[in-house]
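To start, the structure under review is shown below, and the notes come after it.
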Amino acid sequence: MKDIAILPIGSYEWHGEHLPFNTDCLIAEAISQGISDANLYTNMVLPTIGISCSHEHRDSISLRPETLVGLVRETVAAVLENQAAGVVVLVNAQTGNHGLYSLAQELNRGIPKILLFPRKHNWSKAASVAGVEGGVYDDVHAGEIESSILLSVRPDLVNLERAWDETKAERPLMHVLGMDGYTKNGVLGRPSLATADKGKTILKSLANQANSELQTLFDRCETHVPSQAWSARR
């Protein structure tokens with residue numbers, strides 16, 4: 001069944017002085033809408049999960065990792081059990097939601113049914129196509145990429161006059177110090193370089209990449225053969 005459900009996953013966290021707290025929600029929704037508008041598959045966009053795991057950010061509201069994973073697990077199960085779709089695309093705009101990767105791997109044992117998107121290589125490709133000057137490693141949070149996307153979809157919520165560029169090449173203790181250990185304004189990147197055109201190009205690239213990956217997933221579903229490893233050992 002080539003029907004997909006798209007689940008946007010955002011966050012509620014500080015994005016400097018120039019972007020709103022729900023920036024990741026808006027980005028997840030914009031990516032989700034781009035995938036939906038491509039219209040390669042019958043699809044529905046589910047309501048956004050707006051609070052996730054933002055423990056590295058001060059002035060954020062966060063769930064425990066197991067709570068987020070449980071919520072996503074239950075949502076996916078409801079979609080699949082009710083045959084609302086055969087595949088669920090988890091559009092995750094908060095990179096701190098590490099548990100979703102393990103969940104996707106678990107649920108994809110056997111016939112794959114989950115696409116976790118976008119991942120780092122997707123962001124890298126989209127940034128390159130758009131001419132983003134800083135790489136995705138340097139442009140971590142509230143920088144050129146996120147500010148460009150918001151300029152393209154919700155320019156009324158962006159105030160670049162309050163933006164402040166800040167980069168740190170080395171961040172070895174992010175899991176200990178959090179963002180405060182490397183920035184005092186909630187930004188790691190260069191929002192001053194953001195443009196709406198870059199944002200539109202990033203979103204288009206991500207939509208194209210998602211649909212390419214979905215095709216690979218559906219091809220895998222059609223050719224899936226159960227493993228014979230255990231029976232061969234008996």
Side-chain angles (χ1 to χ4, degrees), residues 3-13 15 19-54 68 71-72 75-76 79 85 87-101 103-104 113-132 136 139-158 189 191 194-218:
D3 295 340
I4 66 172
I6 306 169
L7 177 60
I9 303 170
S11 71
Y12 195 80
E13 61 191 31
H15 278 78
L19 296 178
F21 271 68
N22 65 333
T23 288
D24 288 344
C25 296
L26 298 171
I27 290 174
E29 290 164 1
I31 296 170
S32 298
Q33 195 60 54
I35 297 171
S36 177
D37 289 346
N39 203 30
L40 298 183
Y41 310 99
T42 303
N43 65 77
M44 62 176 177
V45 179
L46 300 169
T48 303
I49 294 177
I51 298 175
S52 58
C53 300
S54 303
L68 175 65
L71 175 59
V72 174
T75 303
V76 169
V79 170
V87 165
V88 181
V89 184
L90 306 179
V91 177
N92 175 44
Q94 158 58 350
T95 57
N97 294 330
H98 305 296
L100 296 180
Y101 190 89
L103 176 65
K113 56 187 73 70
I114 304 297
L115 177 65
L116 179 61
F117 186 89
R119 301 176 307 285
K120 187 173 182 178
H121 72 276
N122 302 119
W123 283 115
S124 294
K125 182 174 181 179
S128 177
V129 170
V132 170
V136 293
D139 197 72
V140 177
H141 190 71
E144 185 177 359
I145 293 173
E146 290 190 320
S147 299
S148 291
I149 293 175
L150 262 291
L151 282 172
S152 73
V153 295
R154 289 298 306 269
D156 56 306
L157 298 179
V158 182
T195 69
D197 285 342
K198 289 179 182 177
K200 291 176 183 177
T201 302
I202 289 168
L203 290 173
K204 182 177 180 180
S205 173
L206 290 175
N208 291 338
Q209 291 182 68
N211 281 301
S212 176
E213 293 189 5
L214 279 167
Q215 185 58 58
T216 298
L217 189 151
F218 282 122

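Model, not experiment: these values are computed from the prediction.
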- Query: Should the heavy atoms of other residues, nucleotides or ligands under 6.0 Å from NZ of K204 be counted, would the total exceed 12?
  - Reply: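 No.
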
Smallest separation among heavy atoms of [X] and [Y], with atom names:
X: P118; Y: V91; result: CD-CG1, 4.5 Å
X: L115; Y: A210; result: CD2-O, 4.0 Å
X: V136; Y: A127; result: CG1-CB, 4.2 Å
X: A28; Y: S32; result: O-OG, 2.7 Å
X: G10; Y: S52; result: O-OG, 2.6 Å

- Please step through side chain to side chain contact (heavy atoms under 4.5 Å, CB included) for the pair F218 and I4, ending with a clear verdict. CA-CA 11 Å; F218 282 122; I4 66 172; 3.7 Å; yes

Distance in Å, [X] [atom1] paired with [Y] [atom2], rounded so as to fall on 0.5 Å steps:
X: L150; Y: T23; atom1: CG; atom2: OG1; answer: 4.5 Å
X: L116; Y: L90; atom1: CG; atom2: CG; answer: 5.5 Å
X: Q94; Y: I27; atom1: CD; atom2: CD1; answer: 10.5 Å
X: N211; Y: I35; atom1: CG; atom2: CD1; answer: 7.0 Å
X: E29; Y: D24; atom1: CD; atom2: CG; answer: 11.0 Å
X: K198; Y: S148; atom1: NZ; atom2: OG; answer: 5.5 Å

Please confirm whether the backbone N or O of [Y] pairs with a side-chain atom of [X], one donor and one acceptor, at under 3.5 Å?
X: N122; Y: R119; value: yes
X: D139; Y: E144; value: yes
X: S128; Y: S124; value: no
X: S212; Y: N208; value: no

- Identify, with sequence neighbours excluded, every residue that meets ring pair (Phe, Tyr, Trp, His ring centres under 6.0 Å) alongside H15. H141

- Who pairs with F117 by ring pair (Phe, Tyr, Trp, His ring centres under 6.0 Å), at least two apart in sequence or on another chain? none

- Note on the structure: Across all chains, not counting sequence neighbours, the salt bridge (Lys or Arg N to Asp or Glu O under 4.0 Å) partners of D156 are R154

- Item | E13 side chain to S54 side chain, donor-acceptor N/O pair below 3.5 angstrom |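 S54 and E13 do have a side-chain donor-acceptor pair below 3.5 Å.
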
Side-chain heavy atoms of [X] within contact of [Y], under 4.5 Å:
X: V158; Y: L19; answer: yes
X: L26; Y: L157; answer: yes
X: P8; Y: I31; answer: no
X: T75; Y: L7; answer: yes
X: V153; Y: L203; answer: yes

- Could you walk me through whether I49 and L68 pass side chain to side chain contact (heavy atoms under 4.5 Å, CB included), step by step? CA-CA 9 Å; I49 294 177; L68 175 65; 4.1 Å; yes

- May I have the step-by-step check of side chain to side chain donor-acceptor pair (under 3.5 Å) for Y41 and Q215, ending in yes or no? CA-CA 10 Å; Y41 310 99; Q215 185 58 58; 3.2 Å; yes

- Give the intermediate values and the outcome of side chain to side chain contact (heavy atoms under 4.5 Å, CB included) for residues I202 and K200. CA-CA 5 Å; I202 289 168; K200 291 176 183 177; over 6 Å; no

- Step by step, would you call V72 with N97 a side chain to side chain contact (heavy atoms under 4.5 Å, CB included)? CA-CA 11 Å; V72 174; N97 294 330; over 6 Å; no

- Message: Out of the candidates L100, I51, L71, only one should pair with I9 under the side chain to side chain contact (heavy atoms under 4.5 Å, CB included) rule; please name it.
- Response: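 With I9 as partner, side chain to side chain contact (heavy atoms under 4.5 Å, CB included) holds for just one option, L100.
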
